[in-house]
Number of protein chains: 2
Amino acid sequence: MLSTHSPLARKLGNFVALSESDLAVLDTLHRRRRSFAVGRDLVFQGQTHQAVYILAEGWVCSYKLMRDGSRQIVDFQIPGDFLGLRSVLFRTADHNIEPLTPVEASEVLESELLQTFADTPRLATALLWAASRDEAMVVEHLVGIGRRDARERTAHFLLELSARLTLVGRGTRDGFACPLTQYHLADALGLSSVHVNRVLRELREDGLATFQTGQVTIHDFDRLAELAEFDRAYLDQEGPLLR
Amino acid sequence: MLSTHSPLARKLGNFVALSESDLAVLDTLHRRRRSFAVGRDLVFQGQTHQAVYILAEGWVCSYKLMRDGSRQIVDFQIPGDFLGLRSVLFRTADHNIEPLTPVEASEVLESELLQTFADTPRLATALLWAASRDEAMVVEHLVGIGRRDARERTAHFLLELSARLTLVGRGTRDGFACPLTQYHLADALGLSSVHVNRVLRELREDGLATFQTGQVTIHDFDRLAELAEFDRAYLDQEGPLLR
DNA sequence: CGGCGATCCTGCCGTGGATCAGTTCATACT
DNA sequence: AGTATGAACTGATCCACGGCAGGATCGCCG
């Protein structure tokens, strides 16, 4: 029954048990539907008066540009994720958001959002939880870049994507459809695309996982998780905390 | 007048204008005072049924341990910051928290916290903001490790600490008191302590900043900010969003 | 059909930072 | 004063990863 609702409702439902009226409020946030084309950024660093979006369909990445032209992809967002939530709370965007596939998203106004928090504290709690989960992922990403070598980092990245996609029903333990290129991986992992390529070859030759355009296949989940020190505690949730 | 309240109230006051009753609720969260000794971790990775704390006095760091014994410090917390908020929302801690100085903190029960969210949506919004700000810092940290070299990374780190401490009145643009050792810097920056030492020497010799135990002195803020591509937009706030 | 732009793949060499193996310095303890 | 301890500092060596350059493959479009 949750599946008849938006991916966002599905995600939040993992944390707080949502009432019919909560779900109705979530639905009202989905009124202004927008489409975005691949590569046309929908949020720019430094932009003010930015709307928030709830991603309904497609993949995007959020990244920061450096002076020297290189970029660091901070995270990929998939359906059910908020886009630019921080930008509203700070009133100026500190990152860019780029669609990697054609994207469908619902625009939410700042006033609507703040009103929702005030009217529906349960949802505010759920959103706080979602924000914490996002932070946990960024932290894991940080640890990866700081203390894992290229192989471990890549392995961890693939496992995390797999876990997230599985949660919203778009992947399994064996693999998932994935629109990313090796360049995206490089920008996300803090590696050069050349090196990413080598690492992917190694993972493939070792029978751990295959990354090809459009499809990621995980051949040996356990060994991959072992290599990556992957701990899914920070993604799993054994049922709603708030009933 | 805000200064008569807790550092947390002071911090949140930057985002939402807090009423007397909001402040009173915040005060009730500070009832259970606890003290912690240096080096005795107050949260452990994997621990469940964890309380949250509001840091009142002292510094702590949150970190993750790797299999090989190395660690990645994810963030340092200073008075006014929450400790272990994620651990409650996830019901199991995904990191450790270690006091770097003697610490005073208020213990907050999970039930109290959730009740506060429900009763005082304004505070929930403020906390969401604080969580977003924390995430922004982790993101900046991530970008630093991924795309900045050791010098830039170190410079950025010092500037960020300076900005945060200035916000709570414990530092100026010229420097701040700082209990960290070079080992802490190494664990935070993803460098070896040896290399940190070399980088600090360079910064000192270039007349940019001096890091000594107990005191950080910034000699040339502008050149340092230039070197680090430091953008304080993500920390600044031009006044409360919610009035 | 042939040309063009992405993407993927590979080899070779340069380098930033890790690691090892120390020395110096400061404070604290006896 | 003499010893212990922990932080700061230094030089020599090594290696993971980046940069560059060239090539293979595929899909798209005229």
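These figures come from a predicted structure and were not determined experimentally. Just so it is clear: chains get the letters A, B, ... in the order the sequence lines come, proteins before strands, and each one is counted from 1.
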Derivation of the ring-ring contact (aromatic ring centres under 6.0 Å, His included) call for A:F157 and A:F211: CA-CA 12 Å; A:F157 176 81; A:F211 179 97; 8.4 Å; no
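Distance B:E202 CD to D:dC9 P: 13 Å, rounded to the nearest Å. Summarising the geometry, the separation between NE2 on B:H184 and P on D:dG6 is reported as 14 Å, rounded to the nearest angstrom. Atom pair A:R148:CZ and D:dC17:P shows a separation of 13 Å (rounding to whole Å applied). If you measure from atom CG of A:L180 to atom P of C:dC8, you get 10 Å, rounded to the nearest angstrom. Taking atom CZ on A:R153 and atom C1' on D:dA16, their separation rounds to 10 Å, with Å as the unit. Regarding B:Y183, its OH atom lies at a distance of 6 Å from the C1' atom of D:dA7, rounded to whole Å. One can place CG of A:D187 at 17 Å from P of D:dC17, the figure rounded to the nearest angstrom. Spacing between atom CZ of A:F211 and atom C1' of C:dC9 amounts to 14 Å, rounded to whole angstrom units.
Looking at which nucleotide of DNA chain D each of B:L200 and B:R147 is closest to, the 5′-most match is held by B:L200.
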Contact pattern, 5' to 3', of nucleotides 10-16 of chain C - B, S or - by protein heavy atom under 4.0 Å: BBB----
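The side chain of A:Q182 contributes an N or O atom lying less than 4.0 Å from OP1 or OP2 of C:dC9.
Remark: the backbone N or O of B:I73 is not paired with any side-chain donor or acceptor of B:H95 at under 3.5 angstrom. Using modelled atom types, one side-chain atom of A:R223 and one backbone atom of A:D206 make a donor-acceptor pair closer than 3.5 Å.
Across all strands shown, A:T181 has heavy atoms under 4.0 Å from sugar-phosphate atoms exclusively, and none from any base. Contact annotation for A:T213: backbone-only contact, meaning every heavy-atom pair under 4.0 Å involves sugar-phosphate atoms and none involves a base. Using a 4.0 Å heavy-atom cutoff across all strands shown, B:G190 reaches sugar-phosphate atoms only and no base atom.
Nearest heavy atom pair, residue A:A150 against residue A:V199, reads CB-CG2, 3.8 Å.
To the nearest 0.5 Å, atoms CG (A:N197) and OH (A:Y183) are separated by 9.0 Å.
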Review item, side-chain donor-acceptor pairs of residues 41-48 of chain A, under 3.5 Å, at least two apart:
from  : atom 1 : to    : atom 2 : distance (Å)
A:D41 : OD2    : A:Y63 : OH     : 2.5
A:D41 : OD2    : A:N96 : ND2    : 3.3
A:Q45 : OE1    : A:L65 : N      : 3.4
A:Q47 : OE1    : A:F44 : N      : 3.0

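The closest side-chain heavy-atom distance from B:V108 to B:Y53 is not below 4.5 Å.
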